[in-house]
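Here is the structure we will look at.
The figures that follow rest on heavy atoms only: side chains count, while hydrogens, waters and symmetry mates do not.
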Amino acid sequence: MIVVIYKKNSRNGSIALYLGKRDFVDHVDSVDVVDGVIKINTSDLSGRRVWVSLTCAFRYGREDLDVIGLSFRKDIWVKHLQVYPATSEPRPANTPMQDALLRKVGGDGHAFTFIVPANLPCSVTLQPGPGDAGKACGVDFEVKAYIADDIENPIEQVDKRDTARLIIRKIQFAPYNLGAGPEANICKRFLMSEKTIQLEASTEKELYYHGDPIPVSVKIINESNKVVKKVKITIEQTTDVVLYSADKYTKVILCEEYGEQVDPSSTHEKEYRVTPLLANNKEKRGLALDGKLKDEDTNLASSTIISSGMNKEIMGILVSYTIKVTAVVSGAGLLGSLTSSEVTVEIPLVLMSPRPTDLTSHWNSRQNSLEYYQFEETDMRRNTETDFSRIKSRHKPSTCSTS
């Protein structure tokens with residue numbers, strides 16, 4: 001088994017940042033600790049100190065608009081730790097991953113650990129338009145190692161050559177216990193008709209994985225004198241930006257129509273299978289996606305799950321989905337289809353990713369020598385990651401590909 005270790009060097013080579021993973025799971029009531037190691041060349045410090053920070057930020061404007069001191073970025077939560085020289089503050093015990101990395105880098109390695117609050121938002125990216133440039137809007141997390149004299153000094157400017165940055169993701173996976181699927185029904189009476197049309201819709205489960213077909217059961221009981229000429233199934237994504245305003249955006253991510261005719265005094269019952277995919281929505285600006293790491297594939301944003309009593313305003317962006325089933329009823333008389341009406345019912349949908357294989361036992365095993373691990377290296381000249389096709393991912397690939 002090959003495990004990826006993420007490595008980022010500063011431009012001047014004084015420090016190197018190591019992380020064992022870049023996806024950290026939000027378990028609703030707790031979050032995985034962010035643990036890593038910094039390798040320090042102490043001869044280049046010139047008496048300065050080495051720090052590491054973890055920042056959760058919300059960008060609500062394009063990066064190229066950050067001019068004349070006006071920034072469209074808001075830091076939701078920031079934590080700084082002094083790594084070198086070591087302080088007298090108590091530190092958590094090293095994780096198995098940190099112990100393995102420290103053995104690899106030797107005496108120049110220094111471990112750090114962040115305890116992430118459970119009330120922070122998950123990583124979400126708002127899809128840019130075809131012509132947009134710069135960083136996309138959304139919520140992101142960044143681990144930054146840097147060299148500085150004093151982080152409290154507002155005058156001191158940290159040289160970019162003395163920094164190493166890695167973007168990480170805070171993500172939620174599908175819970176283990178899944179409930180029964182939702183269902184809804186409605187009866188509607190039309191003008192010039194004494195009886196009703198009844199529409200029922202349901203799904204087998206309350207939660208589906210990204211990329212999996214969603215079976216939607218539809219039942220139409222037509223007791224009226226009207227004709228149902230087709231069935232339409234729509235899935236909508238609602239993005240609620242709660243951090244800086246009360247903006248709410250609803251975008252259709254799937255719309256399928258089926259020419260099913262239901263005559264008066266008849267019943268229609270059928271299961272339709274629909275699959276919402278990002279690949280079919282890549283041109284829609286503002287669509288919420290799961291947080292992206294550089295050019296990696298991602299998928300539609302997972303539904304936001306929050307515990308009761310949690311302050312929604314600090315969550316930044318809330319994402320939810322709705323399935324709408326519509327029976328289109330044709331009109332009668334000379335006007336025909338111009339007077340058609342609709343019967344619509346809505347049911348909630350939860351979209352999430354399955355849990356990946358847990359690597360805790362692998363790190364705890366005695367075979368955790370880093371000789372078996374691949375490193376994702378860094379281009380120090382640009383301070384950006386270099387992609388290697390030979391490196392295998394620790395996680396299962398998304399079932400919703402953007403390629």
*When you measure from the side chain of Glu256 to the backbone N and O of Val274, does any donor-acceptor pair fall under 3.5 Å?*
no
*With sequence neighbours excluded, what pairs up with Asp140 under the side chain to side chain contact (heavy atoms under 4.5 Å, CB included) test?*
Ala57, Arg73
*Might you confirm whether atom NZ of Lys170 has over 12 heavy atoms from other residues, nucleotides or ligands at distances under 6.0 Å?*
yes
*More than 12 heavy atoms of other groups within 6.0 Å of Lys195 NZ*: no
*Measure across Asp26 and Ala118 and return the closest heavy-atom pair with its distance rounded to 0.1 Å.*
OD2-O, 4.3 Å
*Is there a side-chain contact (heavy atoms from CB on, under 4.5 Å) between Leu120 and Phe141 once you walk through the steps?*
CA-CA 10 Å; Leu120 294 181; Phe141 288 77; 4.0 Å; yes
_Set of salt bridge (charged side-chain N to carboxylate O under 4.0 Å, His left out) partners for Glu236, sequence neighbours left out_ = Lys324
*With no hydrogens and no angle check, is any side-chain donor or acceptor of Thr304 less than 3.5 Å from a backbone partner on Val319?*
yes
*Is atom CD of Glu183 surrounded by more than 12 heavy atoms (other residues, nucleotides or ligands) closer than 6.0 Å?*
no
*Nearest heavy-atom pair of Phe112 and Leu19: which atoms, and what distance?*
CZ-CD2, 4.0 Å
*Please identify each residue that fulfils side chain to side chain contact (heavy atoms under 4.5 Å, CB included) with Pro90, with sequence neighbours left out.*
none
_N/O donor-acceptor pair under 3.5 Å between Ser303 side chain and Leu351 backbone_ = yes
*Could you tell me whether the side chain of Asn281 and the main chain of Leu277 form a donor-acceptor pair under 3.5 Å?*
yes
_Side-chain heavy-atom pair Pro182, Thr203 within 4.5 angstrom cut-off_ = yes
_From CE (Met97) to CD1 (Ile5), nearest 0.5 Å_ = 6.5 Å
_Non-hydrogen side-chain atoms of Lys270 and Val218 separated by less than 4.5 Å_ = no
*Can you measure from OH (Tyr321) to CG (Leu207) and round to the nearest 0.5 angstrom?*
11.5 Å
*If you take all heavy atoms of Phe173 and Pro354, which pair is closest and at what distance?*
CD2-O, 3.2 Å
*With the side chain counted from C-beta on, respond yes when Thr234 and Thr344 share a heavy-atom pair under 4.5 Å apart, and no when they do not.*
no
_Check: Trp51 side chain, Ala148 main-chain N or O, donor-acceptor pair, under 3.5 Å_ = yes
_Is any side-chain heavy atom of Ile40 closer than 4.5 Å to one of His110?_
yes
*Are the side chain of Glu204 and the backbone N or O of Pro215 linked by a donor-acceptor pair below 3.5 Å?*
no
*Min side-chain heavy-atom separation Thr125-Thr298 under 4.5 Å*: no
*Gln82 side, atom CD; Thr87 side, atom OG1 - distance, nearest 0.5 Å*: 6.0 Å
*Looking at residues at least two apart in the chain, or sitting in another chain, which of them share a salt bridge (charged side-chain N to carboxylate O under 4.0 Å, His left out) with Arg161?*
Asp159
*asked:* Between Ile220 and Val231, does the side-chain contact (heavy atoms from CB on, under 4.5 Å) criterion hold? Intermediate values first, please.
replied: CA-CA 10 Å; Ile220 302 173; Val231 175; 3.8 Å; yes
*asked:* Please check: side-chain N/O of Lys251 versus main-chain N/O of Gln237, any donor-acceptor pairing under 3.5 Å?
replied: no
*Give the C-alpha distance, both sets of side-chain angles, the deciding distance and a yes or no for side-chain hydrogen bond (donor to acceptor under 3.5 Å, both in side chains) between Asp290 and Ser302.*
CA-CA 6 Å; Asp290 276 344; Ser302 298; 3.1 Å; yes
*Could you check if a side-chain atom of Phe24 sits within less than 4.5 angstrom of a side-chain atom of Asp35, using non-hydrogen atoms only?*
yes
*Could you tell me whether Lys79 atom NZ has more than 12 heavy atoms of other residues or ligands within 6.0 Å of it?*
no
*How close do Ser353 and Asn299 get, heavy atom to heavy atom, and via which atoms?*
OG-OD1, 4.1 Å
_Apply side-chain contact (heavy atoms from CB on, under 4.5 Å) to residues Leu166 and Arg22 and explain how you reach the verdict._
CA-CA 8 Å; Leu166 278 173; Arg22 296 178 74 176; 4.0 Å; yes
*Is there a side-chain contact between Leu45 and Ile147 (heavy atoms, below 4.5 Å)?*
yes
_Listed partners of Tyr272 passing ring pair (Phe, Tyr, Trp, His ring centres under 6.0 Å), at least two apart_ = Tyr258
_Side chain Ser10, main chain Ile15, donor-acceptor under 3.5 Å_ = yes
*Could you walk me through whether His80 and Val78 pass side-chain contact (heavy atoms from CB on, under 4.5 Å), step by step?*
CA-CA 7 Å; His80 300 271; Val78 183; 3.4 Å; yes
*Euclidean distance, Ser30 OG relative to Ile115 CD1, rounded to 0.5 Å*: 10.0 Å
*Any idea which heavy atoms bring Thr275 and Gly211 closest together, and the distance?*
CG2-O, 3.5 Å
*State the CD1-CD1 distance between Ile186 and Ile197, to the nearest 0.5 angstrom.*
11.0 Å
*Name all residues meeting the salt bridge (charged side-chain N to carboxylate O under 4.0 Å, His left out) criterion together with Asp108; count only those two or more places apart in sequence or in a different chain, and write none if there are none.*
none
*side-chain hydrogen bond (donor to acceptor under 3.5 Å, both in side chains) between Asp162 and Asn12: does it pass, once the steps are laid out?*
CA-CA 7 Å; Asp162 293 330; Asn12 57 18; 2.4 Å; yes
_Are the side chains of His210 and Leu300 in contact, using a 4.5 Å heavy-atom criterion?_
yes
*Just by distance, do the side chain of Gln98 and the backbone of Gly36 share a donor-acceptor pair under 3.5 Å?*
yes
_To check you understand the geometry: which heavy-atom pair defines the closest contact between Leu126 and Gly286, and what is its length?_
CD2-O, 3.8 Å
_Pair Arg91 + Glu89: basic N to acidic O under 4.0 Å_ = no
_Arg169 with Asp23: basic N within carboxylate O range, under 4.0 Å_ = yes
*Looking at CD of Gln127 and OG1 of Thr239, how far apart are the two atoms once the value is rounded to the nearest 0.5 Å?*
11.0 Å
_Looking at Ser330 and Val227, would you say the former's side chain and the latter's main chain have a donor-acceptor pair under 3.5 Å?_
yes
